[in-house]
Amino acid sequence: MINPQQLNRPSWNQLTGKEQHLLFTQILRYFVNPLLPTTDIAPVRFTVQGQSFASQTAIIAGQRYIFVPGQSQVQLGYQVTGKEVLTPRLWDDSEVVLEHPDLPTIPLTTNAQRERYLTDFTTTPRVVDIPPLLVSQQPLPVSQRSIGLYTPATGDFSGDMTTFKMVRQAAGDDLKRAPRSIVTPDFSVFFVPTAVLDQYQVRIDQQLTPMALTRQLARQGFSVLAPDEYEYVVGAGAATLFPWGNAGLAQLPTALPNRFGIRFSARQYTAEMTTDPLVWRGGWPVSGDQKMAAVQLPFSAFYDSGRLPGLGDLPVPQQVYHQVVRVTFEDER
């Protein structure tokens, strides 16, 4: 029997590896679609900036998922501390003038103006409860979704059979050799090799609206991160402006440091889809220039541009999402 309290920090962090493994196997049994193949269950540990986090991982339908413990009363949103406006690595030097994109006649030359810039483009401070989550380690483009595992030698497939029947009908004999891709007028199919010889993750590439994609994922028991969950997972529950602290960096990393081991791109113009179709996280510098604060702020877990992908005069970002399984119990609803 699962004790929900043990799935929250800090209780999870106090468990032994054996206790974590037992709880994790129960989560897989009761919360993951039984039609999806689950393999490679193993412990995992990540260390970022001297802080270590131990959890459990599994491959579900060809994608690796990491268990992220929930947290009650977690503080989200940007907290005004005054330290950030004094950080030269974030604001370049005193001679550089940054303008507020929505107030272009007001240059940000004082600490109060810089503070307003940060608060205008970050989420409001708040305290929320975050449920335990199974989160895919890698994001996928919003046009793609993983539908299961396929073995060409035997013709065996496990996963979303309804969609795979559509793939089989379109691919015909080509399916037996699992080519890198199959292109049809309505969709494309990609065969991604896995660690198991002659076994492939099948990904379907199809242009869907965010709501339609959400419905397709729900058929397999998945969702995407909610806005609050995104902030929590990116920052691993830390209250600092950036995942790495409050200061800016001389050089941005290629991937955001994440204590939970979840990968978030640090490439410019990557926007994350959430459960709210009007809320996308990450993305582009809101002021559209290359000054330090404008470039780095999108990598804050709390960044909120208020812009939708593809609208306005900003470039269309790469749009991605992380698949999740929420571990919730009836008495919590």
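These numbers were taken from a predicted model, which means no experiment stands behind them. Numbering starts at 1 and runs along the sequence shown.
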Pair up each side-chain donor or acceptor in residues 26-45 with any protein partner under 3.5 Å, not counting sequence neighbours, and list the distances.
unit_1	atom_1	unit_2	atom_2	d
Asn33	OD1	Leu35	N	2.9
Asp40	OD2	Arg64	NH2	2.6
Arg45	NH1	Ser52	OG	2.9

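- Between Val127 and Val74, every side-chain heavy-atom pair lies at or beyond the 4.5 Å cut-off.
- Considering only residues two or more places apart in sequence or on other chains, Tyr303 meets the ring pair (Phe, Tyr, Trp, His ring centres under 6.0 Å) condition with none of them.
- When only modelled atom types and interatomic distance are considered, Thr123 and Asp304 share no side-chain donor-acceptor pair under 3.5 Å.
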**OP:** Test ring-ring contact (aromatic ring centres under 6.0 Å, His included) on Phe164 and Tyr150 and set out the steps.
**Re:** CA-CA 10 Å; Phe164 187 70; Tyr150 174 62; 5.5 Å; yes

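- At a cut-off of 3.5 Å, with distance as the only test, a side-chain donor of Thr154 or Asp156 sits close to an acceptor on the other residue.
- Considering Leu208, Val320, Leu213 as possible partners of Val142, the one that fulfils the side-chain contact (heavy atoms from CB on, under 4.5 Å) test is Leu213.
- For residues 221-230, the set of pairs meeting the side-chain hydrogen bond (donor to acceptor under 3.5 Å, both in side chains) definition, not counting sequence neighbours, comprises Arg126-Asp228, Ser223-Arg326, Glu229-Arg326.
- Gln113 and Arg116 are not linked by any side-chain donor-acceptor pair at a separation below 3.5 angstrom, with hydrogens and angles left out of the test.
- Of the possible polar contacts, none joining the Thr163 side chain to the Asp160 backbone as a donor-acceptor pair under 3.5 Å is found.
- You'll find the side chain of Leu217 reaches within 4.5 Å of the side chain of Tyr321, heavy atoms only.
- Atom CD of Gln73 has more than 12 heavy atoms from other residues, nucleotides or ligands within 6.0 Å.
- Within 6.0 Å of the CG atom in Leu278, the count of heavy atoms belonging to other residues, nucleotides or ligands exceeds 12.
- For Thr209 (side chain) and Ala212 (main-chain N/O), a donor-acceptor pair under 3.5 Å exists by modelled atom type.
- A centroid separation of less than 6.0 Å is found between the aromatic rings of His100 and Phe121.
- The shortest distance between side-chain heavy atoms of Glu84 and Leu118 falls below 4.5 Å.
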Subject >> Candidate pair Trp12 and Phe67, rule ring-ring contact (aromatic ring centres under 6.0 Å, His included), full reasoning >> reply: CA-CA 10 Å; Trp12 174 264; Phe67 176 71; 4.6 Å; yes

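- For the pair Trp280 (side chain) and Thr270 (backbone), a donor-acceptor distance under 3.5 Å is absent.
- For the atom pair CG of Leu90 and CG of Leu297, the computed distance is 7.5 Å after rounding to the nearest 0.5 Å.
- The backbone N or O of His322 lies less than 3.5 Å from no partner atom in the side chain of Ser136, so there is not a single donor-acceptor pair.
- Looking at Gln138 and Tyr65, their side chains never bring a donor and an acceptor atom within 3.5 Å of each other.
- For the residue pair Ser55 / Gln20, no side-chain donor-acceptor distance below 3.5 Å is found, with atom types taken as modelled.
- Under the 4.0 Å criterion applied to side-chain N and carboxylate O atoms, Arg281 and Glu231 are assigned as salt-bridge partners.
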**OP:** Determine, stepwise, if the pair Phe46 / Phe260 fulfils ring-ring contact (aromatic ring centres under 6.0 Å, His included).
**Re:** CA-CA 7 Å; Phe46 303 98; Phe260 292 143; 9.1 Å; no

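- Side chains of Gln201 and Ser146: a donor on one and an acceptor on the other come within 3.5 Å.
- Side-chain atoms of Thr274 come within 3.5 Å of backbone N or O of Asp276 as a donor-acceptor pair.
- Using a 4.5 Å cut-off on side-chain heavy atoms (C-beta onward), Phe264 and Asn258 make contact.
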